[in-house]
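Notes follow once the structure below has been shown.
Predicted, not measured: the structure shown is a model, and the values here were computed from it. Naming convention: chains lettered A, B, ... in sequence-line order (proteins, then strands); numbering from 1 in each chain.
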Amino acid sequence: MKQRYNPAEIENKWQRYWEENKVFRAVDFSRKKKFYCLVEFPYPSGDGLHVGHPRSYTALDILARKKRMEGFNVLFPMGFDSFGLPSENYAIKTGIHPSIITKQNIDKFTRQLKSLGFSFDWNRMFSTTDPDYYKWTQWIFTKIFEKGLAYKARIPINWCTSCNIGLANEEVVNGCCERCGREVEKRNIEQWMLRITEYADRLIQDLNDVDFPDKVKNQQINWIGRSEGADVDFNISGHPETITVFTTRPDTLFGATYMVLSPEHELLDTITTEEYRPEVELYKKEASRKSDLERTELSTEKYGIFTGAYAINPVNEENIPIWVADYVLISYGTGAIMAVPAHDLRDFEFAKNFGLPIRCINRPDEKLAQRDGVLVEDVLNGNACWTLDGMLINSTNNKDLDINGLNVEEATKTVTRWLEEKGLGGFAVNYKLRDWVFSRQRYWGEPIPMIYCDDCDWVAVPEKDLPVLLPEVEKYEPTDTGESPLAAIKEWVNTTCPKCGRDAYRETDTMPNWAGSSWYFLRYIDPDNDSEIADLKKMKYWMPVDWYNGGMEHTTLHLLYSRFWNKFLYDCGLVPISEPYKKRTSHGMVLGEGGEKMSKSRGNVINPDDVVREYGADVFRVYEMFIGPFDQAASWDTKGIAGIDRFLNRVWRTIVNNEISDIKLNKEQLHLLHSTIKKVSEDIETLDLNTAISQMMIFTNELRKYKIIPMEMAECFVKILSPFAPHLCEELWETLEHTNSIAYEPWSEYDEELARQDFVTIVIQVNGKVRSQFDIQRDTPDPTVIDAALTDEKIKRYCEEREVKRTIVVKNRLVNIVTD
RNA sequence: GCCCGGGUGGUGGAAUAGGUAGACACAGCAGACUUAAAAUCUGCCGGCUUUUUAAAGCUGUGCCGGUUCGAGUCCGGCCCCGGGUACCA
């Protein structure tokens, strides 16, 4: 009589079996229905697998395994996103080539992943650093360039002085470098940019067609930050140029009392008068020195300088002073605003500081003002700011524009139309989303496949010359000029123009690590294709990804970028559908034992290898799923895992040590079995895996009470447990005298009728309080149930000397007796 | 500030559509087995109160109020925690 199973032994045995028999190969063009199940591939860090990784992989492995048993042809691939800084920084420290480190790390990850028994199709594995793969990453870039969506721009970018690297807006967290935490400053560098803004509207629109959590959709929509308004052209007194401003409130045009330019605005030098030039120059210098962090930190006190120039308000020809202030950003809208202090909080604050006029042109709606505790009088006098709806006043030029008496919406429409008619501006849309800074001045990334020729300008490297391989270098550090280490290799940099054959030089920037992950889901479909990114027919069979799970932290970066690339490829006719991911879910983080993030410095890191060694892979998998709701953060509990160890060993003992025979199931057994199959089947589809496991525990606790276990119960149960604990269940399946792998056994089915109970417990309430209960046949008619309730001994006591006014019956649940 | 989540026993968490709050598990306590320990098995386990035990009553899902026969669940106001975003005109 064995007390415990030996995980090491059976896990080894079955992992070998799966590999040798190619059990989890996905078959292209199989007649079965396809299911493409995807998890975000990892960056293979030197630390090895984190316990957070298996949370995502196990959940979708369970889903993938269930789908196979349900007859789907499942594609569940794995690969590695291996370009990036950690390997490069390690190379700088040790002088070992990043490719060697990367290879070691991938080997380690692969071994760890295999030890957990995930049903990946390892045959399709690749790494973004494989030249066979990044050839096509580069090729896609050349397509983007050819379509005019990649361009070089000399713009102020975020520069981390510690990493010596340009950062995308998305990599700057609170004005600091996402990686090292160092403050970020501004620096002008020529960068390759991708016009993701061109796709902004579609990236919002098409969210309607996909099954993503609202949280994810909202975050993407907010990140893209579409806002509608109007562009308005202002003439400048004494200058031929005009300054265009973007406003979401064209209705407030009559309330504009000054204008503000960003310190980086191109017309600032032109319009500044001699008298104010020294001050403005000084202010510009100060502003350029400030980092984004400082700019936002100083946000409490708005500060600016008068330029001496005046703009002419197009609606009423009024001269308004032009100021410069860094609360106006060059990177949004036109870098210039019209200031309406009476109806914009920032302008109000600024006007207060500098004694600029505040002119109310919108009488607040009484109800709204009352709700917000604002006195209408104060707004009318310019002593308070009102940004909400109301009735327009003081808003006519006494000629062709009069919006007095209108509300905000009506006035906005009227003014916008007027601007369009007069040729002074009109409807405009702006986005918070910026174009994607695609250049990195680093070594360990895909070389951007571009060649510069004095005669032909930038020319894309032709397909036949791809990939542009990373050359060997001696030093991996970026140069002090901020250029990539590649710039120092003259024989690599100097080349000839693919167009005209004259001397030319290569781009030395490399791609960001978001590049390789922007299309990897396509490559899994056809990983060995050496003539195109992937075969269109195969993509038509497999795409879209049916279910994509990943971290919440990738919502605004990876998820948006890869949707963008896929849409671009779709527009080129290279992929079959516009939205790559049909359904998206996100897993919560796995925290350390105290609820804190796991980190070496805290010394609370759990190593999956240790857990597998002590308890086995199946216990590890089931524990990670039992730990809490899948989409929420969960903290590791070393004691909690013991409960799962007990559970799986109980399952083992129950089936191995008991008599199992082909006997008929009684009513309770039928109900237990069918309700369990139902619960587990449904919960897997919603990734409520903790409650699925809980139900299987209830089932096991019942089953082990039996003297003789019916074969049907044993078999059905082992099948539904098998996605969770695949090694154990393969072994048990063999014990139950089956010779095939359980992986493709048909999923246990349930009968809706049998899953329901024959007898139900009816609770009796008196005036809403539970007083008694009784069992009765399911679906007993109401009058019978009421009768039974009223004749209940305890209830009789409660109802003595009281009149029963009303009875409420909830079918199969309760009776509530209302007395006076 | 704005946009999302979330506050349930000592702990992780359950609770379909407004219908028995605390499933399942961890920890704890008591017991069985054992020379002993581990493992395993059995029972108890929100708080307060009453009782002779079996039991019974009250109270209880962040706080205050409301709707309802009935609220963890719905509505209004507030507090706290987590995530995202931040002068976006």
Side-chain angles (χ1 to χ4, degrees), chain A residues 1 3-4 173-175 213-223 225-227 229 245-249 252 260 262 292 295-296 298-300 302 325-329 331-340 343-347 349-350 430-434 552-553 555-556 586 588-589 595 623 626-629 631-644 646-647 649-650 653 679 682 688 690-701 704 761-773 794 805-819:
Chain A
M1 220 181 172
Q3 285 292 304
R4 300 180 64 79
V173 178
N174 287 327
D214 285 343
K215 199 180 173 179
V216 171
K217 288 188 182 182
N218 275 334
Q219 240 180 70
Q220 291 208 342
I221 290 165
N222 292 342
W223 185 261
R226 180 193 157 94
S227 60
V245 303
F246 172 73
T247 177
T248 53
R249 294 290 303 277
T252 62
V260 188
S262 133
D292 272 1
R295 272 204 184 186
T296 40
L298 291 171
S299 64
T300 38
K302 290 203 194 326
D326 65 5
Y327 82 88
V328 175
L329 308 175
S331 47
Y332 184 78
T334 61
I337 60 151
M338 63 177 211
V340 185
H343 306 293
D344 180 283
L345 281 165
R346 294 151 304 180
D347 299 343
E349 197 189 315
F350 190 81
N430 260 291
Y431 302 93
K432 286 194 215 174
L433 181 72
R434 310 289 152 81
M552 210 49 214
E553 68 276 17
T555 301
T556 51
S586 290
M589 281 205 297
Y623 174 64
F626 188 67
I627 198 166
D631 57 349
Q632 280 166 44
S635 23
W636 190 269
D637 179 10
T638 307
K639 282 178 186 150
I641 199 166
I644 300 300
R646 263 172 234 157
F647 166 56
N649 274 295
R650 240 172 236 163
R653 274 196 303 275
K679 178 84 180 141
E682 288 173 353
D688 289 315
N690 53 336
T691 50
I693 293 163
S694 156
Q695 182 60 40
M696 290 190 282
M697 287 172 169
I698 293 169
F699 180 90
T700 307
N701 290 344
R704 67 204 182 92
T761 302
I762 304 286
V763 165
I764 315 172
Q765 295 183 336
V766 178
N767 296 325
K769 285 194 175 157
V770 179
R771 296 301 178 189
S772 185
Q773 62 181 55
K794 281 188 210 148
K805 286 173 71 178
R806 204 175 146 192
T807 49
I808 292 141
V809 180
V810 180
K811 257 254 175 297
N812 297 326
R813 283 200 171 269
L814 63 71
V815 179
N816 189 12
I817 298 160
V818 185
T819 66

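The gap from the P atom of B:C78 to that of B:G1 amounts to 12 Å, rounded to the nearest Å. Going from the P atom of B:C64 to that of B:C69 covers 23 Å, rounded to whole Å. Using atom C1' as the reference point in both B:G62 and B:G6, the two lie 11 Å apart (nearest Å). B:U73 and B:C63 have their P atoms separated by 11 Å, given to the nearest Å. Comparing B:C24 with B:C79, their P atoms are spaced 39 Å from each other, to the whole Å. The same atom, C1', is picked in B:U61 and in B:G72; the two are 5 Å apart, to the nearest Å. Between B:G47 and B:G9, the two C1' atoms lie 9 Å apart (nearest whole Å). On the P atoms, B:A21 is 12 Å away from B:C58, given to the nearest whole Å.
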Fill in the blank from the handout: Given protein heavy atoms under 4.0 Å, the one-letter contact record of nucleotides 48-57 of chain B, with B base, S sugar-phosphate only and - none, is simply --------SS
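At the heavy-atom level, A:V763 lies under 4.0 Å from base atoms of the strands shown. Contacts of A:K215 with the nucleic acid, taken as non-hydrogen atoms under 4.0 Å apart, involve only primed sugar atoms and P, OP1 or OP2. Nucleic acid contact class of A:K805 (heavy atoms, under 4.0 Å, all strands): none. A:T761 comes within 4.0 angstrom of a base, heavy atoms only. Looking at heavy-atom distances under 4.0 Å, A:R226 makes no contact with the nucleic acid at all. Within the nucleic acid shown, A:Q765 comes within 4.0 Å of at least one base atom, counting heavy atoms only.
Applying the side chain to side chain contact (heavy atoms under 4.5 Å, CB included) criterion to A:S772, with sequence neighbours excluded, gives A:I764, A:D792, A:K794, A:I795. Taking the salt bridge (charged side-chain N to carboxylate O under 4.0 Å, His left out) definition, one finds that A:K811 meets it with A:D782, sequence neighbours left out. Every side chain to side chain contact (heavy atoms under 4.5 Å, CB included) that A:R646 has, sequence neighbours left out, goes to A:A642, A:R650. Remark: A:D347 pairs with no residue by the salt bridge (charged side-chain N to carboxylate O under 4.0 Å, His left out) rule, at least two apart or across chains. Applying the ring pair (Phe, Tyr, Trp, His ring centres under 6.0 Å) criterion to A:F350, with sequence neighbours excluded, gives A:Y258, A:W323, A:Y327, A:F354. Residues satisfying the side chain to side chain contact (heavy atoms under 4.5 Å, CB included) criterion with A:N767, sequence neighbours excluded, are A:R802, A:V818, A:T819. Here A:F699 pairs with A:F717 under the ring pair (Phe, Tyr, Trp, His ring centres under 6.0 Å) rule; sequence neighbours left out. Take A:E682 and apply the salt bridge (charged side-chain N to carboxylate O under 4.0 Å, His left out) test, not counting sequence neighbours, and it matches A:K678. In terms of the salt bridge (charged side-chain N to carboxylate O under 4.0 Å, His left out) criterion, residue partners of A:R249 (sequence neighbours excluded) are, by chain and number, A:D251.
One interatomic measurement links the two molecules: NZ of A:K679 to P of B:A14, which rounds to 10 Å at whole-angstrom precision. A straight line from OH of A:Y332 to C1' of B:U85 spans 14 Å, rounded to a whole angstrom. Whole-Å rounding puts the A:N222 CG to B:A86 P distance at 11 Å. Atom CE in A:M552 sits roughly 17 Å away from atom P in B:C3 (whole-Å rounding). For A:M589 and B:G5, the CE to C1' distance is 14 Å, given to the nearest whole Å. Between the P atom of B:A15 and the CD atom of A:E682 lies a distance of 13 Å, rounded to the nearest Å. Taking atom CG of residue A:N649 and atom P of nucleotide B:A39, one finds them 12 Å apart after rounding to whole Å. Distance A:L345 CG to B:G1 P: 13 Å, rounded to the nearest Å.
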Using a cut-off of under 3.5 Å, enumerate the N/O to N/O pairs linking the protein to nucleotides 23-32 of chain B.
| unit_1 | atom_1 | unit_2 | atom_2 | d |
| --- | --- | --- | --- | --- |
| B:C24 | O4' | A:S694 | OG | 3.2 |
| B:A25 | OP1 | A:N701 | ND2 | 3.0 |
| B:C26 | OP1 | A:R646 | NH1 | 2.5 |

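The glycosidic torsion of B:G43 lies more than 90° away from 0, which places this base in the anti conformation.
Note that CG of A:N430 is 8.0 Å distant from OG1 of A:T334, once rounded to the nearest 0.5 Å.
Annotation: side chain of A:V216 is in contact with side chain of A:M552 (closest heavy-atom distance under 4.5 Å). Side-chain contact between A:W636 and A:Y623 is present, with heavy atoms from C-beta onward closer than 4.5 Å.
Of the two residues contacting RNA chain B, namely A:F246 and A:N218, the nearest-nucleotide position lying further toward the 5' end is that of A:N218. Residue-to-nucleotide proximity on RNA chain B shows that, of A:D347 and A:G628, the 5′-proximal contact is made by A:G628.
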Exercise for the section: Just do the side chain to side chain contact (heavy atoms under 4.5 Å, CB included) check on A:K215 and A:N218 with the steps written out, would you? Expected result: CA-CA 5 Å; A:K215 199 180 173 179; A:N218 275 334; 5.9 Å; no
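Judged by distance alone, the side chain of A:Q220 and the main-chain N or O of A:T555 form a donor-acceptor pair under 3.5 Å.
For the pair A:R704 and B:C41, the criterion of a side-chain N or O lying under 4.0 Å from OP1 or OP2 is met.
Counting only Watson-Crick and G-U wobble pairs whose two distances sit under 3.5 Å, RNA chain B takes part in these stems of three or more pairs: B:1-7 with B:79-85, B:10-12 with B:24-26, B:28-32 with B:40-44, B:46-50 with B:55-59, B:62-66 with B:74-78.
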